[in-house]
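Position 1 is the first residue of the sequence, and the numbers go up from there. Whatever order the structure lists ligands and atoms in, that order sets their numbers, starting from 1.
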Amino acid sequence: MIVLGIESSCDETAAALVRDGHEVLSSVISSQISKHAQFGGVVPELAAREHLKNITPVVTTALAEAGVAKENLDAIAVTSRPGLVPALLVGNAYAKGLAASLGIPIVGMNHFLGHIYGAFIEHREILEDSSNFPLVALVVSGGHTAIVLIPADGKAVILGSTLDDAAGEALDKAAKLMGLPYPGGPVIDKLSKEGNPAAFNFPRSLTGRAGKAVNPEHRFDFSFSGVKTSLLYTVTQHPELLPARVADLAASFQEAVMDVLTMKAMDAVRHSGAKLLCLCGGVACNSCLRTKVEEACRKRRVAFLPAPPKYCTDNAAMIGGLAWHYLRGTDPHAEAATFGINARLEPTLGLLPFAPLASRG
Ligand code: KG4
Ligand code: ZN
């Protein structure tokens with residue numbers, strides 16, 4: 001089954017052709033970053049207009065690169081939520097029109113689940129072995145920061161999520177405070193390599209440090225507003241630090257954020273007895289985070305599955321791939337069937353169709 005995946009939830013217009021959930025025939029991404037950089041963040045109306053311009057060429061290129069005629073598509077999958085509504089509408093309207101003209105099924109995909117699936121596209125064998133479950137997913141992007149427990153029955157639960165900023169959002173805003181370009185995450189990652197991560201001691205929120213036990217209800221939750229405020233006070237009270245010590249500031253800020261992500265993810269692994277930890281979403285590209293989590297997993301003898309960088313940031317292969325697990329018809333609870341772009345991410349994710357593959361026949 002060949003599925004055309006379409007992604008337009010934020011500032012990437014993407015299309016991919018994926019055969020049977022795991023064989024990526026093409027994955028085309030048109031990024032609008034340069035258009036939004038001057039505003040220091042994504043402007044929804046501008047994003048929608050750019051998607052309108054890009055969607056046809058991106059889909060046409062994805063079909064051409066895969067060498068597949070649109071008449072040979074079996075289905076279309078489109079990110080339906082969560083995301084910027086004006087941006088989502090472009091992909092959804094386009095996908096509905098194309099599906100209607102070709103007379104093929106269309107399914108709306110949850111972008112957050114798509115990010116988790118990004119770690120498994122190239123690893124079908126992991127899904128086929130139920131001994132890998134339960135597993136924990138650390139989902140870190142510009143819009144989400146959450147720890148998800150995925151047991152062998154696929155009934156995934158969000159153990160914790162951010163109470164304020166997402167990790168990527170905090171990095172992007174921190175970069176702005178330091179006068180660095182958008183998006184800040186990759187810039188901070190690169191700059192940190194020249195800085196000292198111990199130069200400034202930024203707070204590790206909700207970790208129970210400073211002699212205080214963290215409230216049990218926030219054990220797996222995150223908060224990044226405090227670390228951001230701490231950076232703000234540091235640079236406003238000591239203007240001489242910029243640009244002179246920008247690399248030290250970036251490295252110390254990054255260290256604080258990645259420390260908390262690693263600590264909480266590993267706590268979730270211990271708590272749940274997970275066999276595998278997967279790392280996904282745009283911030284999963286971060287070299288400091290990948291190293292920290294990998295090392296922590298090695299120490300604990302837990303398998304580590306980082307999504308490949310090309311499937312960490314927004315892409316349509318994760319959408320077209322995930323869709324196959326719903327479309328092959330073994331999951332009557334398909335979340336994909338709920339096609340609402342305004343629906344919130346529920347605390348319980350429901351039955352995940354890809355966990356684990358083997359027991360679903
Ligand atoms: O998953 P994604 O492409 O879009 C959302 O769904 O949000 O993630 C984008 C986020 C941005 O905040 C960006 O700064 C961050 O991922 N990011 C990184 C790195 N590459 C992208 N953050 C830290 N280190 C990186 N190397
Ligand atoms: Zn995303």
- Message: Could you go through H144 and S161, starting from their C-alpha distance and side-chain angles, then the distance that decides it, and tell me whether this counts as side chain to side chain contact (heavy atoms under 4.5 Å, CB included)?
- Response: CA-CA 8 Å; H144 301 287; S161 56; over 6 Å; no
- Item | Derivation of the side chain to side chain contact (heavy atoms under 4.5 Å, CB included) call for V18 and E23 | CA-CA 5 Å; V18 188; E23 190 188 344; 5.6 Å; no
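Formation of a donor-acceptor pair under 3.5 Å by the D172 side chain with backbone atoms of G185 is found in this model. With S8 contributing its side chain and A87 its backbone, the two residues share a donor-acceptor pair below 3.5 Å. The backbone N or O of L135 lies less than 3.5 Å from no partner atom in the side chain of K275, so there is not a single donor-acceptor pair. Counting only distance, with no hydrogens or angles, the side chain of D20 and the backbone of M1 share a donor-acceptor pair below 3.5 Å.
Side chains of S9 and E7: a donor on one and an acceptor on the other come within 3.5 Å. When only modelled atom types and interatomic distance are considered, H123 and E125 share a side-chain donor-acceptor pair under 3.5 Å.
Per-residue contacts place V283 under 4.0 angstrom from the following atoms of ligand 1 (heavy atoms of the residue considered): 15 (C), 16 (O), 18 (C), 22 (N). Listed by number with element, the atoms of ligand 1 under 4.0 angstrom from any heavy atom of G168 are 12 (O). Every atom of ligand 1 is numbered from 1 in the order shown, and the set under 4.0 Å from a heavy atom of P186 is 14 (O), 17 (N), 18 (C), 19 (C), 20 (N), 21 (C), 25 (C), 26 (N). Per-residue contacts place N286 under 4.0 angstrom from the following atoms of ligand 1 (heavy atoms of the residue considered): 23 (C), 24 (N), 25 (C), 26 (N). Below 4.0 Å from some heavy atom of G143 lie the following atoms of ligand 1, by number and element: 7 (O). The contact set between ligand 1 and S141, taken as ligand atoms under 4.0 Å from a residue heavy atom, comprises 1 (O), 5 (C), 6 (O), 7 (O), 8 (O).
Of all protein heavy atoms, the one lying nearest to atom 14 (O) of ligand 1 is D172 OD1, 2.7 Å. Among all non-hydrogen protein atoms, the one lying nearest atom 22 (N) of ligand 1 is G185 CA, 3.3 Å.
When K193, K292, Q254, K190 are each tested for a side chain to side chain donor-acceptor pair (under 3.5 Å) with S287, only one passes: K193.
Contact annotation: for D189 versus ligand 1, heavy atoms closer than 4.0 Å belong to the side chain alone. Only the side chain of L171 comes within 4.0 Å of ligand 1, counting heavy atoms alone; its backbone N, CA, C and O stay farther away. The backbone of C312, and not its side chain, has at least one atom closer than 4.0 Å to an atom of ligand 1 (non-hydrogen atoms only; backbone = N, CA, C, O). Contacts with ligand 1 closer than 4.0 Å are made by no heavy atom of H144, backbone or side chain. Here T313 has heavy atoms under 4.0 Å from ligand 1 in both its backbone and its side chain.
If you chain together hydrophobic residues whose side chains sit under 4.5 Å apart, M263 and V269 never meet in one group. Residues L206 and L231 do not share a hydrophobic cluster, defined by chaining ILVMFWY side chains whose heavy atoms lie under 4.5 Å apart.
By the 30° and 60° cut-offs, the orientation of the rings of H325 relative to H22 is perpendicular.
Between NE2 of H115 and OD1 of D314, the angle at the Zn ion (ligand 2) works out to 100°, rounded to 10 degrees.
At least one N or O atom of D314, backbone or side chain, sits closer than 3.5 Å to an N or O atom of ligand 1. At a 3.5 angstrom cut-off on N or O pairs, G142 counts as close to ligand 1. Here's the thing with G184: none of its N/O atoms is less than 3.5 angstrom from an N/O atom of ligand 1. An N or O contact shorter than 3.5 Å links G282 to ligand 1 by distance. The distance criterion of under 3.5 Å between nitrogen or oxygen atoms is not met by M258 with respect to ligand 1.
Here the NZ-OG1 distance, from K264 to T145, works out to 12.0 Å after rounding to the nearest 0.5 Å.
At least one heavy atom of H115 sits under 4.0 Å from some atom of ligand 1. In this structure, C10 has no heavy atom closer than 4.0 Å to ligand 1.
Residue H111: an N/O/S atom is found under 2.8 Å from the Zn ion (ligand 2).
Selection from M318, E12, H111, R290 by nearest heavy atom to atom 6 (O) of ligand 1 gives H111.
Between H271 and F220, the distance from one ring center to the other falls under 6.0 angstrom.
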